[in-house]
Amino acid sequence: MGKRKAPSRENTPNSDFCEFLTELAEYEKNVSRNIHKYNAYRKAASVLSSHPTRITSGQEAKKLNGIGEKIAKKIDEFLQTGKLQKLDNIHNDSKTTAINLLTQVTGIGPAKAQTLVSEGITSLEDLEKHKDKLNHHQLIGLKYYHDFQQKIPRNEIKQIENLIRGHLEPQIHLTICGSYRRGKQQSGDIDALITHPNYTSSQPKKKQNLLKNVVTALQNCGLITEIISLGDTKFMGACKLDKNSITRRLDIRLTPFDQYFCAVLYFTGSDMFNKQMRAHALDAGFTLNEYTLRPVGSTGVPGEPLEIHSERDIFDCIGFPYKEPQDRNQ
DNA sequence: ATGTGAG
DNA sequence: ACTCACATA
Ligand SMILES: Cc1cn([C@H]2C[C@H](O)[C@@H](COP(=O)(O)OP(=O)(O)OP(=O)(O)O)O2)c(=O)[nH]c1=O
C-alpha cells in the first residue's frame with residue numbers, strides 16, 4: 001500500500017505491551033535512525049505476541065528471549081502507571097511528529113525526512129513550497145499524497161485487471177497478486193505479475209523490452225498516468241480507472257515464464273509470510289527468492305535450482321505446510 | 001560501490 | 001529474506 005506502519009493488531013494477552021514496543025521500534029527506526037534498537041524492540045514485541053499468558057512483571061518478562069533489563073523496566077512502568085513517560089515525550093515532540101508525517105509520502109524515508117526537518121520543512125505545505133528539494137519519486141508521492149492514503153476496493157482492482165488484460169497481447173499472462181490474491185476486500189496498491197512464453201530464464205534478452213512496451217501501451221490507453229521507476233523487470237507507478245477515479249499505486253513485475261511459480265509466491269506475500277517461509281527454507285538447507293529454490297550447502301554457495309511445477313511444490317520441497325493465499329497473512 | 005527507498 | 005531501481009560518489 002501507499003505507506004503505512006504494520007502494527008500487529010491482535011488480541012493476545014500481552015497486546016498492549018506489543019503495541020508500545022512497536023511504537024518505540026518505529027521511533028528508533030525513523031527518528032533515532034538506530035536499526036539495532038529498532039530490531040531489539042521488534043524482537044521483544046514478537047516474543048510477547050506469541051506468549052500464551054499475561055505477563056505480570058518485568059522480572060517475569062525477562063525470562064523471555066529478547067527481553068533484557070531495559071525493556072523489563074518499561075514493562076514495570078507500564079504495569080504500574082498505565083503509560084510510558086518516554087512515549088508521552090515522543091508524542092509531544094514536534095520533530096518526531098514531523099518525521100512521522102513526512103515518511104508517509106512515498107519516496108521519503110527516515111534519512112530524507114531527517115534532513116528536511118533540519119531545514120525547517122515539517123509539513124505538506126512546506127513541501128509544496130520546496131519542491132526543488134524532492135526527486136521524481138518524492139514529487140509523485142507529494143502530488144498524490146491523499147490518493148495514496150486511500151485503500152482500493154477489491155472491485156476496482158478487478159476492473160483495472162480487466163482493463164490491463166484487454167490491452168495486452170494475448171500471449172502475455174497476467175496475475176494480480178499482493179493482498180488482492182490473498183482475498184482481501186481492499187488493498188493498498190495493485191501488484192501485477194506478467195509473463196510471456198518467449199521470455200525465459202535461459203533467453204532473458206529476447207523480449208527484453210517487453211515491460212517497457214507494456215507500460216507504453218497502458219500509458220497510451222490512459223490507464224498508467226505516472227512512472228515512478230521503470231527497469232527491465234519492475235515498474236512502479238500510478239494508474240487511474242477513468243477520469244474521475246482516485247489515482248492508485250500500480251506495480252508491475254515481469255518474470256521469466258519458467259519461474260512463474262516462485263514469482264507468484266513472492267508477489268502474493270505477505271511480506272512477513274515471505275520472511276517466515278524463506279527463513280524456514282534456510283533451516284531446511286535452501287535459499288528461496290522470486291526466481292528459484294536452490295540448495296545451499298555448508299560452503300554457502302547456492303546449487304542448481306530445483307524443478308518447480310506449482311506453488312505447492314515449493315512448500316513440499318522445504319517441508320513447509322501448504323497454505324492457500326488467503327492464509328498467508330503472517 | 002554505497003546509501004536510500006521500496007518491495 | 002532477498003531483490004530491484006534510483007541517485008549519488
Ligand atoms: C514490502 C514487502 C513486500 N514483499 C512482497 C510480498 C507482498 O505481498 C508483495 C507486494 O507488496 P505490498 O504491495 O507492499 O503488500 P501487499 O500487497 O501484501 O499489501 P497491500 O498492498 O494491501 O498493502 O511483495 C516482500 O517480499 N517483502 C517486503 O518487504
**A:Arg154 NZ/CZ over A:Tyr180 ring centroid, <6.0 Å and within 45° of normal** =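 Relative to the ring axis of A:Tyr180, which defines the angle, A:Arg154 lies inside both limits.
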**Request:** May I ask you to establish whether A:Arg54 and A:Phe17 are in a cation-pi arrangement, using a distance under 6.0 Å from NZ or CZ to the six-membered ring centre and at most 45° from the ring axis?
**Result:**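 Yes, a cation-pi geometry holds between A:Arg54 and A:Phe17.
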How many Å lie between [atom1] on [X] and [atom2] on [N], as a whole number?
| X | N | atom1 | atom2 | value |
| --- | --- | --- | --- | --- |
| A:Tyr180 | B:dG7 | OH | C1' | 21 Å |
| A:Glu226 | C:dC6 | CD | C1' | 17 Å |
| A:Glu290 | B:dG7 | CD | P | 14 Å |
| A:Arg181 | B:dG7 | CZ | P | 19 Å |
| A:Met236 | C:dA7 | CE | P | 12 Å |

**Asked** If you look at every strand shown and take non-hydrogen atoms under 4.0 Å, does A:Ile228 touch a base, only sugar-phosphate, or nothing?
**Response**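 No contact at all - A:Ile228 keeps every heavy atom at 4.0 Å or more from the nucleic acid.
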**Message:** Applying a 4.0 Å non-hydrogen cut-off, can you work out what A:His137 is touching in the nucleic acid: base, sugar-phosphate, or nothing?
**Reply:**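 Sugar-phosphate contact only.
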[N], OP1 or OP2 - any side-chain N/O from [X] closer than 4.0 Å?
| X | N | value |
| --- | --- | --- |
| A:Arg249 | B:dG7 | yes |
| A:Thr233 | C:dA5 | yes |
| A:Ser229 | C:dC4 | no |

Candidates [options] - which lies nearest the side chain of [X]:
| X | options | answer |
| --- | --- | --- |
| A:Lys234 | C:dC4, C:dC2, B:dT4 | C:dC4 |
| A:Arg33 | B:dT4, C:dC4, B:dG7 | B:dT4 |
| A:Lys112 | C:dA1, B:dT4, B:dG5 | B:dG5 |
| A:Tyr266 | C:dA5, B:dG7, C:dC4 | B:dG7 |
| A:Arg278 | C:dT3, C:dC2, B:dG7 | C:dC2 |
| A:Phe267 | C:dA1, C:dT3, B:dG7 | B:dG7 |

**Item:** Donor-acceptor contact present, side-chain A:Ser270 to main-chain A:Arg328, <3.5 Å
**Value:**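 Answer holds: yes.
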**Message:** Using modelled atom types and a 3.5 Å cut-off, is there a donor and acceptor pairing between side-chain atoms of A:His196 and backbone atoms of A:Gln171?
**Reply:**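 No, the answer is negative, given that no donor and acceptor are paired below the 3.5 Å cut-off.
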**Prompt:** If pairs are Watson-Crick or G-U with both distances under 3.5 Å, what is the dot-bracket string of DNA chain B, marking crossing pairs with [ ] and pairs to another strand with |?
**Reply:** ||||||.
**Asked** With a 4.5 Å heavy-atom cut-off, do A:Met277 and A:Lys323 have their side chains touching?
**Response**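 SC-SC contact between A:Met277 and A:Lys323 ruled out.
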**Asked** So, do A:His91 and A:Glu23 sit near enough that their side-chain heavy atoms are less than 4.5 Å apart?
**Response**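 Yes, at least one pair of side-chain atoms sits under 4.5 Å.
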**Message:** Is it true that A:Thr56 and A:Glu60 share a donor-acceptor pair across their side chains at a distance under 3.5 Å?
**Reply:**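 A donor-acceptor contact under 3.5 Å links the two side chains.
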**Message:** Can a side-chain donor-acceptor contact be found between A:Asp258 and A:Ser201 if the only test is distance below 3.5 angstrom?
**Reply:**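 The answer is yes; a qualifying pair exists.
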**Message:** Closest-nucleotide mapping onto DNA chain C: is A:Asn274 or A:Asn135 further toward the 5' terminus? I mean the 5' end.
**Reply:**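 That would be A:Asn274.
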**Rounded C1' spacing from B:dG5 to C:dC2 in Å** =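 Taking atom C1' in both B:dG5 and C:dC2, they lie 15 Å apart.
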